[in-house]
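Structure, as structure tokens:
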Amino acid sequence: MQNSIQSKRFVIRKSLIGKNQIIEVTFKNGKQFTYNHDKAYELMKDKLDTMNCFIKYKSYTSSTSVPTVLRNNDVM
């Protein structure tokens, strides 16, 4: 199995695109979500490319939940 990143928030970073990185996030409420960064990025790409945080800081994070667009999709 490849290395995975443990995180306390959902994150998409430009620096991780193309690395096929697995991210395991555990939110403060105890809920866990594991996803393939590249698959999540592909599903969110159109929206991310217009978001100020992604343009300015080259990343998108959420400390409370998984983005709605990913909830019912296979991102592994």
Side-chain angles (χ1 to χ4, degrees):
M1 188 175 136
Q2 61 191 349
N3 290 340
S4 61
I5 294 174
Q6 312 292 313
S7 181
K8 292 184 178 172
R9 63 182 58 91
F10 176 88
V11 62
I12 298 287
R13 276 192 210 112
K14 281 192 177 180
S15 63
L16 291 176
I17 296 169
K19 296 192 169 148
N20 210 28
Q21 186 70 57
I22 300 299
I23 300 178
E24 297 174 13
V25 58
T26 304
F27 296 104
K28 286 181 184 173
N29 63 9
K31 290 192 177 178
Q32 295 182 314
F33 186 70
T34 301
Y35 61 100
N36 177 300
H37 181 275
D38 290 346
K39 286 185 180 178
Y41 171 72
E42 282 303 316
L43 288 169
M44 295 180 68
K45 187 168 127 173
D46 291 341
K47 182 169 175 116
L48 288 169
D49 289 341
T50 65
M51 294 175 79
N52 286 335
C53 63
F54 202 68
I55 294 164
K56 188 172 182 181
Y57 301 109
K58 299 178 177 30
S59 74
Y60 167 83
T61 64
S62 173
S63 60
T64 56
S65 66
V66 175
T68 309
V69 69
L70 301 181
R71 290 184 190 159
N72 295 317
N73 280 293
D74 177 20
V75 286
M76 274 306 299

Residue pairs passing the side-chain hydrogen bond (donor to acceptor under 3.5 Å, both in side chains) test where at least one lies in residues 67-76, sequence neighbours excluded: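 Passing the test, one end in residues 67-76: Ser65-Arg71.
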Nearest non-hydrogen partners of Arg13 and Ser59, listed with the distance: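 Looking at all heavy atoms of both residues, the shortest contact is CG-CB, 3.6 Å.
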Results of side-chain contact (heavy atoms from CB on, under 4.5 Å) for Gln32 - residues two or more places apart only: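 Per chain and number, Gln32 pairs via side-chain contact (heavy atoms from CB on, under 4.5 Å) with Thr26.
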Inter-residue atom distance [X].[atom1] - [Y].[atom2], 0.5 Å rounding:
X     : Y     : atom1 : atom2 : result
His37 : Ile17 : NE2   : CD1   : 6.0 Å
Ser7  : Glu24 : OG    : CD    : 10.5 Å
Lys58 : Lys14 : NZ    : NZ    : 5.5 Å
Leu16 : Asp38 : CG    : CG    : 8.5 Å

For Phe33, all residues meeting ring-ring contact (aromatic ring centres under 6.0 Å, His included), sequence neighbours excluded: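 Once residues adjacent in sequence are excluded, the partners of Phe33 under the ring-ring contact (aromatic ring centres under 6.0 Å, His included) criterion are Tyr35.
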Qualifying residues under ring-ring contact (aromatic ring centres under 6.0 Å, His included), relative to Tyr41, sequence neighbours excluded: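 Once residues adjacent in sequence are excluded, Tyr41 has no partner under the ring-ring contact (aromatic ring centres under 6.0 Å, His included) criterion.
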Hydrophobic cluster identity match, Leu70 and Ile12, side-chain contacts under 4.5 Å: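 Shared cluster, yes.
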Residues Phe27, Val66; criterion side-chain contact (heavy atoms from CB on, under 4.5 Å); working and verdict: CA-CA 9 Å; Phe27 296 104; Val66 175; 3.8 Å; yes
Contact check, side chains of Asn36 and Ile22, non-hydrogen atoms, under 4.5 Å: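 Contact flag for Asn36/Ile22 side chains = yes.
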Output a table of donor-acceptor pairs, distance under 3.5 Å, between side-chain atoms of residues 44-56 and any protein atom two or more places apart or on a different chain; print 'none' if there are none.
{"residue": "Thr50", "atom": "OG1", "partner": "Lys47", "partner atom": "O", "Å": "2.8"}

Ring pair (Phe, Tyr, Trp, His ring centres under 6.0 Å) pairs, two or more places apart, involving residues 57-76: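 Passing the test, one end in residues 57-76: no pairs.
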